[in-house]
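Right, one structure below, let's go through it.
Computed over heavy atoms, backbone and side chain alike; hydrogens, waters and symmetry mates excluded. Every number for a ligand or one of its atoms is a count from 1 in the order of the listing. Numbers here simply count residues along the sequence, with the first being 1.
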Amino acid sequence: MLEPLISDEVRAALGGGRPVVALESTIFSHLGLPSPANAEALERSLGAIRREGAVPAVTAVLDGVARVGLRADEHERILGAARKVAERDIPVAIAQRWPFGATTVSASLALAAAAGVQVFATGGIGGVHRGAELTGDVSADLDAIARRPLVTVCAGAKAFLDLGRTLEYLETTGVPVLGWRSDDFPAFYTRSSGLPVPHRVESAEEVAEVFAHRSRPGLLLAVPIPERDALDRSELDAVVGTALADCEASGITGAAITPFVLGRIADATAGRSVPANLALAEHNASVAAAVAVAIAER
Ligand code: PSU
Ligand code: MN
């Protein structure tokens, strides 16, 4: 069974009932962000969690070992060449001793849950893809968010998904979806998808209280990107439309779609999507840490 290696610092924090925030490693690898922005994203996310008084726990598979929490000198390894590891890939990455398996949301939640971490921060979750009624492409992230006993903090789902269907899936699987000081489900680079969230919350204490009273494992906290970092929605809609059409025309499918579309968005926004991504990752990490502190204090 899955028994991740937990770092000494994370183990001590969990043992002492102190707040811990898990992080995925895909966004910090070259699959998620170009260098050197990925290093900056990692540093700012780690810093934000520590500033709020929590301990960061980066998840990854390194040299065939599933990990929760890395030593400071190991962090640079997750900036390098990676193979994407969703939850179902973890046992393969272990058995085949992959040098670096970068965890997605589903893999991070599986590892964090095995370690006993209760809060997880990411940028954008995977979800129901556009055209899923034909392709069946629904990210394993959604199942993991529903099934793992953690608060997942995100800035919405990836910009090019079918957000309406993603919210429907979360409703069906009984996941409370909370908007952080917002009535709208955010759309990653933009503060609103135009779709409402079922519930709005104003504080970390409120999130902790909802978490304490839930009847099913998962909870999703949707945090809009800070106002000053947000991109223009109509510009993004246009880029995403052409990028997805190009994917279809050139046979890019499945896990390869995300890196391709993110590259296109970066080109089309003259690189402005990258600082936006950094800002939302740091902000989510900070909100997640505040929630972890509130849960630990209850
Ligand atoms: N959102 C982004 N960039 C990413 C991801 C999400 O803006 O790279 C990653 C996350 O790690 C997420 C994964 O868990 O993509 C989902 O991939 P898929 O759709 O193949 O399940
Ligand atoms: Mn998929």
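- Across all non-hydrogen atoms, the minimal contact from Ala54 to Ala289 is CB-CB, 4.0 Å.
- For Arg50, the CZ atom sits in a packed shell: over 12 heavy atoms of surrounding residues, nucleotides or ligands are nearer than 6.0 Å.
- Those atoms of ligand 1 that come under 4.0 Å of a heavy atom in Phe188, given as number and element, are 7 (O).
- A donor-acceptor pair under 3.5 Å links the side-chain atoms of Ser25 to the main chain of Thr103, judged by distance alone.
- Arg77 places no side-chain N or O within donor-acceptor distance of the main-chain N or O of Phe100, the cut-off being under 3.5 Å.
- Under the 3.5 Å distance criterion, the side-chain polar atoms of Ser29 are matched with a main-chain donor or acceptor of Leu31.
- Distances from the Mn ion (ligand 2) to each N, O or S atom of Asp137 single out OD1 as the nearest.
- Residue Gly126 has no nitrogen or oxygen atom sitting less than 3.5 Å from a nitrogen or oxygen atom of ligand 1, judged on distance alone.
- Using a 4.5 Å heavy-atom threshold, the side chains of Val21 and Phe120 count as separate.
- When hydrophobic clusters are built by joining Ile, Leu, Val, Met, Phe, Trp and Tyr residues whose side-chain heavy atoms come closer than 4.5 Å, directly or via intermediates, Leu161 is grouped together with Val175.
- Proximity of Ile257 to ligand 1, defined as any heavy-atom pair under 4.0 Å, is not found for any part of the residue.
- Every atom of ligand 1 with a heavy atom of His129 under 4.0 Å away is listed here by number and element: 19 (O).
- Taking every heavy atom of Asp141 and a limit of under 4.0 angstrom, the matching atoms of ligand 1 come to 12 (C), 13 (C), 14 (O), 16 (C).
- The shortest heavy-atom contact between Pro196 and Leu167 is O-CD1, 4.1 Å.
- Applying the 4.0 Å criterion to heavy atoms of Thr26 picks out, from ligand 1, the atoms 8 (O), 11 (O).
- Every atom of ligand 1 is numbered from 1 in the order shown, and the set under 4.0 Å from a heavy atom of Lys84 is 17 (O), 18 (P), 20 (O).
- Polar contact check, Asn277 against ligand 1: no nitrogen or oxygen pair lies under 3.5 Å apart.
- Between Glu24 and ligand 1, at least one N/O pair is under 3.5 Å apart.
- At a 3.5 angstrom cut-off on N or O pairs, Ile27 does not count as close to ligand 1.
- Below 4.0 Å from some heavy atom of Leu262 lie the following atoms of ligand 1, by number and element: 3 (N), 7 (O).
- Ranking protein heavy atoms by distance to atom 5 (C) of ligand 1, first place goes to Lys158 CD, 3.9 Å.
- Not a single donor-acceptor pair under 3.5 Å links the side chain of Arg298 to the backbone N or O of Ile295.
- Heavy-atom proximity to Gly124, at under 4.0 Å, picks out these atoms of ligand 1: 1 (N), 6 (C).
- Taking atom 8 (O) of ligand 1 as the reference point, the nearest protein heavy-atom neighbour is Thr258 CG2, 3.6 Å.
- At a heavy-atom distance under 4.0 Å, atoms from both the backbone and the side chain of Thr104 approach ligand 1.
- No cation-pi contact links Arg165 to Tyr169, judged by a cut-off of 6.0 Å to the six-membered ring centre and 45° from its axis.
- Checking side-chain atoms of Asn284 against main-chain N and O of Thr122 turns up a donor-acceptor pair under 3.5 Å.
- In terms of protein heavy-atom proximity, atom 21 (O) of ligand 1 is closest to Ser139 OG, 2.7 Å.
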